[in-house]
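In what follows, chains are A, B, ... by sequence order, proteins preceding strands, each numbered from 1.
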Amino acid sequence: MIHKYDLVIVGAGLAGLRAAVETSKYSDVAVISKLFPTRSHSGAAQGGIAAALGNEESDKIEWHIFDTVKGSDYLGDQNAIEMMINEAPEVIYELEHMGVPFSRTKEGRIAQRKFGGHTKEVIGEDGKITRKPVLRACYSADRTGHVILHTLYEQCVKQNVRFFSEYFTLSLILQDDICRGIVAFNLLDGEIHIFHSKAVMFGTGGYGRAYKITSNAYANSGDGVAIAYRAGIPLEDMEFVQFHPTGLYPLGILVTEGARGEGGYLKNKDGERFMKNYAPTVMELAPRDMVTRSIQTEINEGRGIDGKDYVNLDLTHLGAAKLKERLPEITGFAKTYAGIDPVTQPIPILPTAHYSMGGIPTDVYGNVCKDEKGNLVKGFYAAGECACISVHGANRLGTNSLLDAVVHGRRTGKALVKYLKETDFMPLPDDTGKNDKAYFQKMYKETGTENADSIRIILKSEMTKKCGVFRNETDLKEILEIVHQLRERFKNVNLSGKGKVFNTELMEIIELGNLLEFSEVIILGALARTECRGAHWRIDHPKRDDENWLKHTFAFKTDKGTELKYRPVIITNYQPQERKY
Amino acid sequence: MKVTLSILRYDPEKDIKPVRKDYTIEAEPTDRILDCLDKVKWQHDGSLAYRRSCSHGICGSDAMMINGKNQLACQILVQDFKKKYIKIDPLPGLPIIKDLIVDMTGFFQKYDIVKPYLISKDLPPPKERLQSQEERALIDEAVNCILCGACTASCPSLWTNENYIGPAALLKAYRFIYDSRDGADNERLDIIDTQDGLWRCHTIFNCVEVCPKEINITWHLSQLKKKCALREF
Ligand SMILES: Cc1cc2nc3c(=O)[nH]c(=O)nc-3n(C[C@H](O)[C@H](O)[C@H](O)COP(=O)(O)OP(=O)(O)OC[C@H]3O[C@@H](n4cnc5c(N)ncnc54)[C@H](O)[C@@H]3O)c2cc1C
Ligand code: SF4
Ligand code: FES
């Protein structure tokens with residue numbers, strides 16, 4: 001079946017929905033999502049969305065810009081960061097006008113809280129400038145992502161946006177560097193559909209599911225990233241994967257940074273507050289990547305609790321009242337999933353794969369880049385976690401990614417309105433959908449010899465072990481070899497159920513193929529990058545190396561395998577400095 | 001430990017009606033029922049169909065009937081059950097598409113009916129609209145709804161009358177009617193102040209018992225009923 005829409009948006013998280021709100025007023029838009037929109041993983045975001053509104057204390061756009069540049073370990077492109085942070089207040093007010101139920105200050109303004117890495121300048125008595133945490137994250141209790149996601153969906157209902165929910169996107173239709181639509185399959189009946197459009201926007205989310213321990217949803221399998229890569233688009237900075245310090249053991253469900261913000265302690269098996277050995281001045285409130293590495297070191301050196309892979313997050317000294325008032329959601333998580341009551345027992349935690357800094361390279365208007373020189377693909381756009389602009393560089397600050405998704409969903413939407421006006425439909429190539437149909441036929445006809453689950457288990461646990469918080473050449477070479485073997489095995493993977501209706505087994509197999517596709521790119525980028533920067537930590541190259549590595553990785557899929565090229569970082573006002581807190 | 005899941009299976013391409021099948025798997029006490037379903041799917045029968053995504057009770061995908069109660073498979077653990085023989089059925093009262101996947105189209109159509117979006121009659125100010133903490137508190141619980149459908153699918157009033165809008169959609173109406181920034185109370189009250197609207201709720205409290213977000217839905221509906229009763233025509 002062939003559908004025709006001016007614009008196809010793939011993904012109904014914050015990025016996709018914000019773009020839909022922007023574009024559907026002027027154009028015929030279809031939003032395609034493998035999940036019903038409100039099931040998107042944006043809904044899991046707890047902490048907040050950053051903007052220097054200054055509602056609770058004085059704050060400045062420039063401080064927010066500087067924090068983001070520094071947080072990125074100077075890999076973020078400063079022009080893109082400046083634009084995003086400048087637009088932040090306006091975008092938040094707009095969300096409020098749409099109906100987002102933010103928590104409020106006493107004066108009835110949007111409430112704001114502190115978050116790691118967000119600071120203000122304080123001039124001391126000696127005239128020296130120091131940086132202290134600032135109230136910048138706009139929040140709605142600890143359900144910020146949930147309320148924004150629902151509000152954007154509500155706006156789409158109001159504007160009668162056409163959704164194709166539970167449609168799984170398989171490939172891009174791209175010819176002569178012009179995008180003409182996508183191919184998807186309807187989970188309901190297994191039918192393949194072709195969506196012919198003037199432009200396509202991806203808002204397909206992150207790729208954390210390549211890891212065993214992760215805070216990410218099942219759906220975060222990086223489909224968009226893999227689809228783009230297969231279509232010949234390079235991937236940028238894929239080696240930068242953020243590991244959050246506190247995932248609930250053993251699953252990795254997120255325990256918000258707020259738990260340490262409220263005064264929680266990290267303790268090893270000896271009951272020692274081990275952060276004093278790593279960051280004696282800021283202790284548990286050191287930046288994310290630093291705390292993560294400290295926890296992992298304790299575990300690796302055998303100081304995990306009972307010799308297991310976790311340490312304790314102790315909140316017992318905070319008292320029942322404070323936990324109930326400030327941290328109700330995670331108190332609930334700890335009870336439900338770990339069977340422990342944080343009022344009287346410490347919470348077992350371990351680092352968890354959390355956020356994908358890398359992705360599909362775009363310019364500041366969401367237009368996808370064809371190469372490292374900044375040439376663009378006509379009619380193909382991306383925003384949100386699947387895109388790399390790059391505003392987060394080597395390490396994203398908490399609460400900056402909801403902002404990224406909304407700001408760039410909106411700005412990309414505006415750019416698309418203009419593009420759609422000036423552009424006509426380009427014809428579909430004759431062989432549109434042919435590969436996908438052939439793949440489906442093969443899967444339905446043949447009996448494979450390999451079990452998808454066993455491939456998935458090995459990939460995820462080995463990625464966590466060998467391409468995780470700490471990396472080194474030996475491990476990376478090993479995991480590269482493992483992924484090659486798994487990809488070979490995957491060619492003979494078996495689809496055991498041959499039904500058409502809701503064949504979620506087939507969907508999972510396609511997702512696994514996507515994980516295998518981009519995991520190799522993560523590994524190759526990590527292997528090449530012989531330095532430590534932000535979330536990428538090479539123990540065999542323990543320093544940041546600005547001379548050689550102040551540049552973005554661009555990975556291209558070629559007949560000879562993956563080819564890596566590089567593009568310099570865009571620096572406007574902030575020269576790289578050592579990143580000390 | 002060994003756990004047996006007794007799952008109501010239905011394959012529209014093969015079965016005339018749903019059939020129950022038992023699967024025994026090896027599980028940890030701390031495994032979620034969702035993990036157990038994954039084990040059945042990955043180790044026994046790949047064709048088993050169910051929805052899921054976030055795996056920690058926030059996306060609302062995996063509401064189903066577990067031992068007779070509508071709940072999220074990702075929010076309940078093996079150790080929460082005394083007997084390790086656990087019955088799993090799709091949400092009741094909704095058409096089954098396949099296995100544990102039900103057709104939610106009707107559920108979302110009813111959501112659409114109540115105009116589930118902020119309608120403000122005034123132009124917004126340059127910054128945010130002001131809302132006091134007390135005003136915000138009125139919608140504290142209502143905004144937590146994850147649209148899982150557990151409540152609506154547990155409502156006997158709905159089982160006997162499929163036109164009933166149902167608790168989830170009514171709660172959404174409350175969310176906007178009681179939002180101090182919204183100006184369309186009457187429009188929405190007109191929609192729900194009907195036989196198939198608010199007045200089909202007979203305060204049976206099933207919805208409150210099953211809501212995974214512990215929202216006191218019935219209380220919210222009773223506030224709406226009061227508002228309707230006080231309305232001047
Ligand atoms: C637990 C957790 C807490 C977080 N907390 C915060 C926070 O407090 N503050 C902050 O700023 N950030 C936070 N983040 C990060 C932030 O939530 C995400 O980066 C952001 O929400 C991503 O939005 P998105 O629109 O890009 O993608 P998503 O919301 O993930 O949406 C992706 C969409 O793409 C669709 N899709 C994907 N593949 C396909 C396909 N093949 N076919 C069709 N559709 C497809 C999905 O159905 C979905 O609709 C958190 C992340 C996690 C995991
Ligand atoms: S009110 Fe509760 S049970 Fe009903 S849909 Fe919302 S979250 Fe689910
Ligand atoms: S999987 Fe999201 S609520 Fe259970």
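Between A:Val157 and B:Tyr111, some side-chain heavy-atom pair lies under the 4.5 Å cut-off. Looking at heavy atoms from C-beta onward, B:Trp42 lies in side-chain contact with A:Arg456 at the 4.5 angstrom threshold. With a 4.5 Å cut-off on side-chain heavy atoms, B:Tyr50 and A:Phe502 do not count as touching. Contact check for B:Arg51 versus A:Leu35: no side-chain heavy atoms found under the 4.5 Å cut-off. Between B:Ile97 and A:Leu188, the closest side-chain pair of non-hydrogen atoms falls below 4.5 Å. Under the 4.5 Å side-chain criterion, counting only non-hydrogen atoms from C-beta, B:Glu128 is in contact with A:Arg104. Two residues are said to be in side-chain contact when any heavy atoms from C-beta on lie closer than 4.5 Å; A:His150 and B:Leu147 meet this criterion. The side-chain heavy atoms of A:Pro101 and B:Arg181, taken from C-beta on, include a pair separated by under 4.5 Å.
Both the backbone and the side chain of B:Ser61 come within less than 4.5 Å of a heavy atom in chain A. With a 4.5 angstrom heavy-atom cutoff, B:Arg129 touches chain A via backbone and side-chain atoms both. For B:Gln79, the part lying under 4.5 angstrom from a heavy atom of chain A is the side chain only. Contact of A:Asn55 with chain B is made through the side chain alone, with heavy-atom distances under 4.5 Å. When heavy atoms are compared at a cutoff of 4.5 Å, B:Lys39 does not approach chain A at all. Looking at B:Leu48, the atoms closer than 4.5 Å to chain A (heavy atoms on both sides) all sit in the backbone: N, CA, C or O. Within the 4.5 angstrom heavy-atom criterion, only side-chain atoms of B:Pro12, from C-beta onward, approach chain A. Interface remark: A:Thr105 contributes backbone atoms only to the contact with chain B (heavy atom separation under 4.5 Å). For B:Lys172, the part lying near chain A is the side chain, with the backbone staying farther off; criterion is any non-hydrogen pair under 4.5 Å. Contact of B:Gln131 with chain A is made through backbone and side chain together, with heavy-atom distances under 4.5 Å.
Put simply, of B:Lys14, B:His56, B:Glu134, B:Glu135, the one with the most heavy-atom pairs under 4.5 Å next to chain A is B:His56. Note: B:Ile146 leads B:Asp182, B:Asp99, B:Asp80, B:Ile146 in heavy-atom pairs under 4.5 Å with chain A. Of the listed residues (B:Ser120, B:Ser55, B:Ser132), the greatest number of heavy-atom pairs within a distance under 4.5 Å of chain A belongs to B:Ser55. Per-residue heavy-atom pair counts under 4.5 Å with chain A were compared for B:Pro116, B:Ala49, B:Pro29, B:Ala137, and the maximum is reached by B:Pro116.
With respect to the salt-bridge test (charged N to carboxylate O, under 4.0 angstrom), the residues A:Glu96 and B:Lys127 do not qualify. We find that B:Lys41 and A:Glu505 are not joined by a salt bridge, their nearest charged nitrogen and carboxylate oxygen being 4.0 Å or further apart. Electrostatic pairing of B:Arg52 and A:Glu508 counts as a salt bridge here, judged by a charged N lying under 4.0 Å from a carboxylate O.
Atom SG of B:Cys59 is separated from atom NE2 of A:His146 by 11.5 Å, given to the nearest 0.5 angstrom. Distance CD/B:Gln133 to OG/A:Ser103: 8.5 Å, rounded to 0.5 Å. Rounding to the nearest 0.5 Å places CD1 of B:Ile76 at 9.0 Å from OG1 of A:Thr336. Taken from CZ in B:Phe108 to CZ in A:Phe163, the straight-line distance is 11.0 Å, to the nearest 0.5 Å. Atom SG of B:Cys148 sits about 7.5 Å away from atom CZ of A:Arg39, to the nearest 0.5 Å. The CG atom of A:Asp453 sits 8.5 Å away from atom CG of B:Asp38, with the distance rounded to the nearest 0.5 Å.
Side-chain polar atoms of A:Ser140 and B:Arg136 form a donor-acceptor pair below 3.5 angstrom.
Heavy-atom minimum distance, B:Lys98 versus A:Val501: CD-O, 3.1 Å. When all heavy atoms of A:Glu107 and B:Leu130 are compared, the pair lying nearest together is O-CD2, 4.0 Å. B:Ser47 and A:Gly497 get closest at one heavy-atom pair: CB-CA, 4.1 Å. Contact detail for B:Cys54 and A:Ala217: the closest heavy-atom pair is CA-CB, 3.7 Å.
Formation of a donor-acceptor pair under 3.5 Å by the A:Arg143 side chain with backbone atoms of B:Asn144 is not found in this model. At distances below 3.5 Å, at least one donor-acceptor pair connects side-chain atoms of A:Tyr337 with backbone N or O atoms of B:Cys74. Checked by atom type and distance alone, the side chain of A:Glu154 never pairs as donor or acceptor with a backbone atom of B:Leu118 at under 3.5 Å. Within the 3.5 Å criterion, the main-chain N or O of B:Pro126 finds no donor-acceptor partner in the side chain of A:His97.
By the 6.0 Å contact criterion, NZ on A:Lys460 is enclosed, its count of non-hydrogen atoms from other residues, nucleotides or ligands being greater than 12.
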